[in-house]
Structure formats: structure tokens, C-alpha cells
S.K.: 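Let me give you the structure first, and then I'll get to my questions.
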Amino acid sequence: MRAVGKLIDGKAVAATVRAEVAQRVATFTRVAGRAPGLHVILAGEDPGSVVYVRNKEKAAKEVGMVGEVHRLPDSVTEADLLALVEALNQDSSVDGILVQFPVPKQIHQAEVLRTIHPDKDVDGLHAVNVGRLWSGDEGLVPCTPRGILRLIAEARVPLKGARAVVVGRSNLVGKPVAALLLAEHATVTLAHSRTVDLRERCREADILVAAVGRAKMIPGDWVKSGACVIDVGMNRDGAGKLCGDVDFASVEPVAGAITPVPGGVGPMTIAMLLENTLRAAESRTNARGQGRG
Ligand code: NDP
């Protein structure tokens, strides 16, 4: 049990995941004769992206993977960026390819996602992986949603038959979280900006996942007593302090389990990226360590 009282400690769970990955990386490296490789493409110098990419590279190296960043100028053409993705698709030492978003305006995000080989798509955003997720096939699943399911599991919150409400329907978070909860036999409501009576929908939830991007929009009286509340939001409050979509002060006394911001969902994202890269490496490489392209 990773929860300290009702608080779900994402930092501690993420550390456990990283340790598990490091062990499996050591085994993979011994058998395959090479370490799993995560390649990140960063186009431009968006300050947030520069930090995220540095953290991903560092995390990959810490678990024994090859972590390589391909830095491209802000002016890079779409053709050049896609050519790099294609070269990485063909390189058998590359297991995971991630293009850091947002990309410069001349590059179409959809085109980038289409070009990454689905078996190397460690962000799990390629349409093939989306289809695999919804049809229950093995595939790569977006990192933050997988991290959320791991946190719920660590908190020992039962999902079978439970009522889950996900607020936010993005391809990155809301929709894949809903698919994963459904696969665990929860009854899922996917709410969004056009949802009528959002407060009432939220109050029905045994598991409430907030992935909106609006500081403290969910107060305590929107939450059922004893509910498990997962706060994905990363916002700044009026004082510039990092906060979630949930008003922690009023929700925490009502909830049965809750993730803090920071220190909840956030740390899980990179941990699950490492796990996805390892899974990609394992499924692309046969027992004799012979990789496929
Ligand atoms: P998007 O902006 O892509 O999606 C936001 C969703 O919230 C949309 O579906 C939108 O509805 C819905 N929404 C907006 N306003 C309301 C409202 N008033 N009531 C109900 N629903 C509303 O965001 P993301 O999914 O990418 O991210 C959500 C949050 O999670 C952000 O704060 C982001 O920073 C954070 N995040 C955190 C991560 C982490 O590692 N911790 C990783 C990824 C994201 P509609 O579709 O109708 O417009």
C-alpha cells in the first residue's frame, strides 16, 4: 500500500516503477546485448519542453537505457523532421520515439503522430495504438493514463462495477483514462465542457478523475464521501503556485483517497514512459536478442 493515510503518494509509486524498470532493463540488456533506446525529438526551444526533455533523457539514463535527444531548430521543415522520424523507425537500436509537443507552427502534429511507427510510439498516440486500446488488443498506451491506473491500483481502490467519472476528454488524458477504466470493468462517464449538471455527475463518482486544466474547479461539495479523487491538472493559482483541477483543501476531507498536486500524477508520467519504452523493446526483440527494424 503506497497511500499514506488517504494521500496517494505519486512520488513513491513512481520510484517503485523506476526501480522495477531498472531491474528489467538490466535483464533485457544482458539477453539482447544492448540497452533499450529512447529517442526524443525536440524542435525549437520552448522553455517548458526543454525542461521536460532533459528530465526524460536523465530518467532514461538512470534506469540504464540509452536516452538520446535530437535537437532541431525552431525553423526545421516538416519534411526534415519526418525524415528523422523515418530514420529512427528504421534503426533497430531505437525502441521508443517521442516527439515533444508543442511542435513549431509549420509542422502538423497529426502528420508527426502518423509517421512514428506504432510499435515505437511510446506516447501511445498513434491511431493504431488508440484502436488497440479501445479494442482490447496489446499496444502502447499513453503514459499519464497508465500512471493514473497504477496509482488507483496502489491505493487498492476496486474498479469492477465502480462508478468512474472522468472530467476532460482529450486524446492525451481523458479518453485513454476512460478506456482503461472501462477495461477494468468500471462504469464510466466521460464529461467535458458541454456536460450538463457536471456537479451532479461528479457527485456520482466512486472514482473521479479531473483532467481539465482549470485551477481548483472541483470543490468538496462536488465529491461523494469516500471517493477516490485523481487530480491530473497542472495549473497555477492566483499566487502563481502549482495547483490541480481539484480544490484540495475542501476535497481532501471528503475523499477516501486523493492525489496531491504536485507529487501525485505528475511523477508517474515519466516513470510510465520508461516502462512503455521497455515494453516496446521487449516486444520488438525476440528471446535471442535479435531486434526487428
Ligand atoms: P486539454 O485542454 O486537451 O483538454 C481539457 C478537457 O477539459 C477538454 O476535454 C475540455 O472539454 C474539458 N473542459 C474544459 N473546461 C471544462 C469545464 N468547465 N468543465 C468540464 N470540462 C471542461 O487538456 P489535457 O487533457 O491535455 O490536460 C488536462 C490537464 O492535465 C492540464 O492541466 C494539463 O496540464 C494536465 N496534464 C498533466 C499531466 C501530468 O503529467 N500530470 C500530463 C498531461 C496533462 P471540451 O473537449 O468540451 O473542450
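Order of listing sets the numbers, starting from 1, for every ligand and every atom in it. Small disclaimer: the values here were computed from a predicted structure and weren't measured.
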S.K.: List every atom of ligand 1 that sits less than 4.0 Å from any heavy atom of Leu198, numbering the atoms from 1 in the order shown and giving each element.
M.R.: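 With Leu198 as reference, the close atoms of ligand 1 come out as 19 (N), 20 (C).
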S.K.: Report yes or no: does Ala191 have a heavy atom closer than 4.0 Å to ligand 1?
M.R.: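 Outside the 4.0 Å threshold, so no.
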S.K.: Checking contacts here: is it the side chain or the backbone of Met268 that comes within 4.0 Å of ligand 1, counting heavy atoms only? Could be both or neither.
M.R.: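 Neither; no heavy atom under 4.0 Å.
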S.K.: With a 3.5 Å distance limit and no angle check, can you tell me whether Thr195 reaches the backbone of His192 through a side-chain donor-acceptor pair?
M.R.: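 Yes, Thr195 side chain to His192 backbone: donor-acceptor pair under 3.5 Å.
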S.K.: Taking only heavy atoms of Val167 into account, list the atoms of ligand 1 that are under 4.0 Å away from them.
M.R.: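 Per the distance check, 20 (C), 21 (N).
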S.K.: List the closest protein heavy-atom neighbour of atom 12 (C) of ligand 1: residue, atom name, distance to the nearest 0.1 Å.
M.R.: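 Result for atom 12 (C) of ligand 1: Gly168 CA, 4.0 Å.
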S.K.: Please report the closest heavy-atom contact between Ala257 and Ile8, naming both atoms and the distance.
M.R.: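 Nearest pair, atom of Ala257 first, then Ile8: CB-CD1, 3.9 Å.
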S.K.: For atom 29 (C) of ligand 1, which of the options Ser193, Gly213, Ser170 provides the nearest non-hydrogen atom?
M.R.: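 The nearest heavy atom belongs to Gly213.
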S.K.: Would you mind checking if Asp245 and Lys216 are paired as a salt bridge, meaning a charged N to carboxylate O distance below 4.0 Å?
M.R.: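 The answer is no: the pair does not qualify as a salt bridge.
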S.K.: When only distance counts, is Thr269 in polar contact with ligand 1, meaning an N/O pair under 3.5 Å?
M.R.: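 Yes, Thr269 has an N/O under 3.5 Å of an N/O on ligand 1.
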S.K.: Can you tell me how far the CG atom of Leu98 sits from the SG atom of Cys143, to the nearest 0.5 Å?
M.R.: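 Rounded to the nearest 0.5 Å, the CG-SG separation comes to 7.0 Å.
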S.K.: Closer than 4.0 angstrom, basic N to acidic O: yes or no for Arg132 and Glu138?
M.R.: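 Looking at Arg132 and Glu138, the cut-off is not met.
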S.K.: Just to confirm my output: which protein heavy-atom neighbour is closest to atom 42 (C) of ligand 1, and how far is it?
M.R.: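 Among all protein heavy atoms, the one nearest atom 42 (C) of ligand 1 is Thr144 OG1, 3.4 Å.
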S.K.: Purely on distance, is any nitrogen or oxygen of Met234 under 3.5 Å from one on ligand 1?
M.R.: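 N/O-N/O distance under 3.5 Å: yes.
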S.K.: Please report the shortest heavy-atom distance between Pro36 and Val25, naming the atom on each side.
M.R.: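 Shortest heavy-atom contact: CD-CG1, 3.8 Å.
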S.K.: For a 4.5 angstrom cut-off between non-hydrogen side-chain atoms, does Val166 reach Thr189?
M.R.: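 In short, these two side chains do not touch, never coming nearer than 4.5 Å.
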S.K.: Please determine whether a side-chain nitrogen of the Lys or Arg among Asp91 and Lys120 lies less than 4.0 Å from a carboxylate oxygen of the Asp or Glu.
M.R.: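 Answer for the salt bridge query: no.
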S.K.: Give the residue, atom name and distance (to 0.1 Å) of the protein heavy atom nearest atom 30 (O) of ligand 1.
M.R.: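 Scanning the protein heavy atoms, the shortest distance from atom 30 (O) of ligand 1 goes to Val232 O, 3.4 Å.
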S.K.: Counting each atom of ligand 1 from 1 as listed, which ones have a heavy atom of Val173 under 4.0 Å away?
M.R.: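 Checking each atom against Val173, I get 25 (O), 43 (C), 44 (C).
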S.K.: May I ask you to list the atoms of ligand 1 that are less than 4.0 angstrom from any heavy atom of Asn235?
M.R.: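 The list of qualifying atoms is 32 (O).
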S.K.: Take every heavy atom of Gly174, measure it against each atom of ligand 1, and state whether any distance is under 4.0 Å.
M.R.: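 Under 4.0 Å: no for Gly174.
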S.K.: Looking at Glu200, I want to see if its CD is surrounded by more than 12 non-hydrogen atoms of other residues, nucleotides or ligands under 6.0 Å.
M.R.: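 Counting neighbours around CD of Glu200, more than 12 heavy atoms of other residues, nucleotides or ligands fall under 6.0 Å, so yes.
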S.K.: Starting from atom 23 (O) of ligand 1, find the nearest protein heavy-atom neighbour and note its residue, name and distance.
M.R.: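 Protein heavy atom at minimum distance: Val212 O, 4.2 Å.
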S.K.: Consider ligand 1: state whether an atom of it lies below 4.0 angstrom from any non-hydrogen atom of Met217.
M.R.: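 Distance cut 4.0 Å: Met217 passes for ligand 1.
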S.K.: Give me the residue, atom name and distance of the protein heavy atom closest to atom 46 (O) of ligand 1.
M.R.: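 Of every protein heavy atom, Arg169 NE, 2.7 Å lies nearest to atom 46 (O) of ligand 1.
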S.K.: I want to check something: taking the side chain as every heavy atom from C-beta on, are Val21 and Met65 in contact at a cut-off of under 4.5 Å?
M.R.: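 With C-beta onward as the side chain, the pair touches.
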S.K.: If the cut-off is 4.0 Å to any non-hydrogen atom of Ala211, which atoms of ligand 1 fall inside it?
M.R.: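 Here the atoms of ligand 1 in question are 5 (C), 6 (C), 7 (O), 28 (C).
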S.K.: For the atom pair CD (Glu86) and CD1 (Ile97), what is the distance rounded to the nearest 0.5 Å?
M.R.: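 So the CD of Glu86 and the CD1 of Ile97 are separated by 8.5 Å.
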